Protein chains: 2
Amino acid sequence: MLELKNLPHKTIERLSQYRRALLICLEKGQTHIYSHEIARIQHITAVQVRRDLMLIGYTGTLRKGYNVKELIDLIGEIIDSQEGINVAIIGMGNLGRALINYFSGKRSHLKIVASFDINPDKIGNTMSGVPCFSTEDMEKVIREKNIRVGIMTVPADFATQTAEALVQAGIRGILNYTPKPVNVPKEVYLEEYDMITSLEKVAFYVKINEDKK
Amino acid sequence: MLELKNLPHKTIERLSQYRRALLICLEKGQTHIYSHEIARIQHITAVQVRRDLMLIGYTGTLRKGYNVKELIDLIGEIIDSQEGINVAIIGMGNLGRALINYFSGKRSHLKIVASFDINPDKIGNTMSGVPCFSTEDMEKVIREKNIRVGIMTVPADFATQTAEALVQAGIRGILNYTPKPVNVPKEVYLEEYDMITSLEKVAFYVKINEDKK
DNA sequence: TTAACAATGTGAAAATAATAACAAAAAAAC
DNA sequence: GTTTTTTTGTTATTATTTTCACATTGTTAA
Ligand SMILES: NC(=O)c1ccc[n+]([C@@H]2O[C@H](COP(=O)([O-])OP(=O)(O)OC[C@H]3O[C@@H](n4cnc5c(N)ncnc54)[C@H](O)[C@@H]3O)[C@@H](O)[C@H]2O)c1
Ligand SMILES: NC(=O)c1ccc[n+]([C@@H]2O[C@H](COP(=O)([O-])OP(=O)(O)OC[C@H]3O[C@@H](n4cnc5c(N)ncnc54)[C@H](O)[C@@H]3O)[C@@H](O)[C@H]2O)c1
């Protein structure tokens, strides 16, 4: 039997990316796609693509490639939850607003249903259909709306207390965009990302490439 | 001799993260730190930390741990360029503005010195000290200001043409925040990041954790 | 009809990354 | 002054991820 939890982490990330690319193909009316076409879009090898699809048990057609629609649906069955997942954004500053704009309407199974802030000017407003609540009501709203994932975009100084409040409220996953790493119990899945790390990595390899010459 | 280009990619990322944490320690007046303290902050093991530091040839003091100041400086010597790197942001929308705010004054060796847009309302403005130019002048400005890294935050439909223009202008590294993967010649270092992939990954592991019960 | 081609699927190998195990040594405790 | 503790540094081992190599099989074309 296909054991989802044994799928490599990297495969999960790539499946999300494949689907993103496949959705564009579908829109353009493309019905089939070869592994090497997916590979070229994602800057990886065709073998890698085929192996990932093998891992999720999808079989293409020889010489025709993979059925775009079918593959999108299968990836959905693998990585999405049947019942969808409600998401909240904590901290309606620049980044929080940018994310709400970006996500709104993008993925049907991931719904941003609430945002939170401490600034009274923001509380009570609605942005792209997402209402902003006071952080004081966080636990109540999270439970009422069955929010399972929180995206943290508060100032770094508030990262720790925000994570604690989210855990307290029974959140199941946190995506932390503040540059302050936070601690959560092991049953809460945590993903952290700092844009400065990415930029420093790019800068490092630019340096290396220049030195090579 | 220490061969920088042989450092594992993951080590580079972690070095950036270690430094971020160390800078906070330094601010607090902490002079030394143990490998297990760094490890706990980053949610990794102490061995991993020691191994990374071994790879860059840094030696701590037995029982005192690592000298915070020294380690910050050494990481700088490894991952920063001597002369600093000038950076541009292309697309001054929500995300572009958020990034400029976030980066400004954060890292002395990475300087955002220009932004670009096609919207006449934005061209000519300055944000956090960063002037906004027309994309028509991109090649000229990039060469004049010796900009080597570009951060793409334009709408996805303009991703391809923006990447081409950057390459044309002689850029050396691109950090692509649009959800559209782009192609660049191999001498240009490319890093792509899509927030939806991160969110879908969190959602997937939340699902898996719930199924386990 | 048959040979060449172009694609998938996968076991085996290689590369990369993380962890375990432990020696060495300074500091602390006794 | 000796033993215990604690921490670093590093080799060996294990785990994970990617790539190679090639069998398989429809399709195209000679
Ligand atoms: N701007 C970026 O591009 C960027 C990039 C990466 C990471 N970050 C990080 O993301 C975070 C947000 O960045 P930003 O530019 O949006 O900052 P911002 O100052 O614009 O927004 C922060 C928001 O959080 C609210 N807030 C403050 N304390 C709060 C609390 N305890 N609970 C809930 N809300 C609270 C503020 O009222 C404000 O609306 C920061 O930690 C920043 O370092 C930002
Ligand atoms: N908002 C987010 O949180 C978020 C997150 C991840 C990725 N993204 C992606 O980042 C990109 C920007 O997102 P956003 O929310 O800032 O969008 P936005 O619409 O607010 O901003 C886009 C900006 O780019 C400018 N622009 C348009 N065409 C351009 C061109 N050819 N050259 C230069 N500038 C041009 C526009 O004038 C505008 O200022 C999008 O591709 C989006 O998918 C956004």
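Reckoned from all heavy atoms, side chains included, excluding hydrogens, waters and symmetry mates. Please read these numbers as outputs of a predicted model, since none were measured by experiment. A, B, ... follow the sequence lines: proteins, then strands. Residue 1 opens every chain.
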**Q** Taking only residues two or more places apart in sequence or in another chain, which ones pass side chain to side chain donor-acceptor pair (under 3.5 Å) with A:Lys201?
**A** B:Glu13
**Q** So, A:Arg148 and A:Glu83, do they make that salt bridge, N to O below 4.0 Å?
**A** yes
**Q** Taking the side chain as everything from C-beta on, heavy atoms only, tell me whether A:Val154 gets closer than 4.5 Å to A:Thr178.
**A** yes
**Q** Which pairs pass ring-ring contact (aromatic ring centres under 6.0 Å, His included) with one or both residues in residues 53-106 of chain B, sequence neighbours excluded?
**A** B:Tyr58-B:Tyr66
**Q** Between C:dG11, C:dA17, C:dA18, which one does the side chain of A:Arg51 approach most closely?
**A** C:dG11
**Q** Nearest whole angstrom, please: distance from the C1' of C:dT19 to the CZ of B:Arg14.
**A** 12 Å
**Q** Considering the options B:Asp73, B:Asp80, B:Asp52, which one meets the salt bridge (charged side-chain N to carboxylate O under 4.0 Å, His left out) requirement together with B:Arg19?
**A** B:Asp80
**Q** Please report the distance, rounded to the nearest Å, between CD in A:Gln48 and P in C:dT10.
**A** 16 Å
**Q** I need the minimum non-hydrogen distance between B:Val206 and A:Arg172, along with the two atoms involved.
**A** CG2-O, 3.4 Å
**Q** Quick one: which protein N/O atoms are closer than 3.5 Å to N/O atoms of nucleotides 22-30 of chain D? Pair and distance per line, please.
**A**
unit_1	atom_1	unit_2	atom_2	d
D:dG26	N2	A:Arg63	NE	2.8

**Q** Would you mind reading off the distance between A:Tyr58 atom OH and C:dG9 atom P, rounded to a whole angstrom?
**A** 9 Å
**Q** Can you find a side chain N or O atom of A:Thr59 that sits less than 4.0 Å from OP1 or OP2 on C:dG9?
**A** yes
**Q** Specify the residues of residues 32-47 of chain B, ordered by number, for which at least one heavy atom lies under 4.0 angstrom from an atom of DNA chain C.
**A** B:Thr45, B:Val47
**Q** Does any pair with a residue in residues 6-39 of chain A pass ring-ring contact (aromatic ring centres under 6.0 Å, His included), and if so which ones, sequence neighbours excluded?
**A** A:His9-B:Tyr205, A:Tyr34-A:His36
**Q** Do A:Met127 and A:Ile89 make a side-chain contact, defined as non-hydrogen atoms from C-beta onward lying under 4.5 Å apart?
**A** no
**Q** For residues B:Gln42 and B:Ala21, report the shortest heavy-atom separation together with the two atoms involved.
**A** NE2-CB, 3.6 Å
**Q** Rounded to whole angstrom units, what separation is found between the CG atom of A:Leu15 and the P atom of D:dT17?
**A** 13 Å
**Q** What's the verdict on side chain to side chain contact (heavy atoms under 4.5 Å, CB included) for A:Leu166 and A:Ile142, showing C-alpha distance, side-chain angles and the deciding distance?
**A** CA-CA 8 Å; A:Leu166 286 171; A:Ile142 286 179; 3.7 Å; yes
**Q** Between atom CG in B:Leu53 and atom C1' in D:dT10, what is the gap in whole Å?
**A** 13 Å
**Q** Distance check needed: C:dA18 C1' versus A:Lys10 NZ, whole Å only.
**A** 13 Å
**Q** Quick one: B:Met54 CE to C:dA18 P, roughly how many Å, whole number?
**A** 14 Å
**Q** Relative to each other, are the rings of A:Phe116 and A:Phe133 parallel, tilted or perpendicular (30° and 60° limits)?
**A** tilted
**Q** Once you build an axis from the first five pairs and another from the last five of the helix from C:dT1-D:dA30 to C:dC30-D:dG1, how far apart in angle are they, to 10 degrees?
**A** 0°
**Q** Measure from CD1 on B:Ile12 to P on C:dT16 and round the result to the nearest Å.
**A** 14 Å
**Q** Tell me what B:Thr11 touches on the nucleic acid: a base, only sugar-phosphate, or nothing, going by heavy atoms under 4.0 Å.
**A** nothing
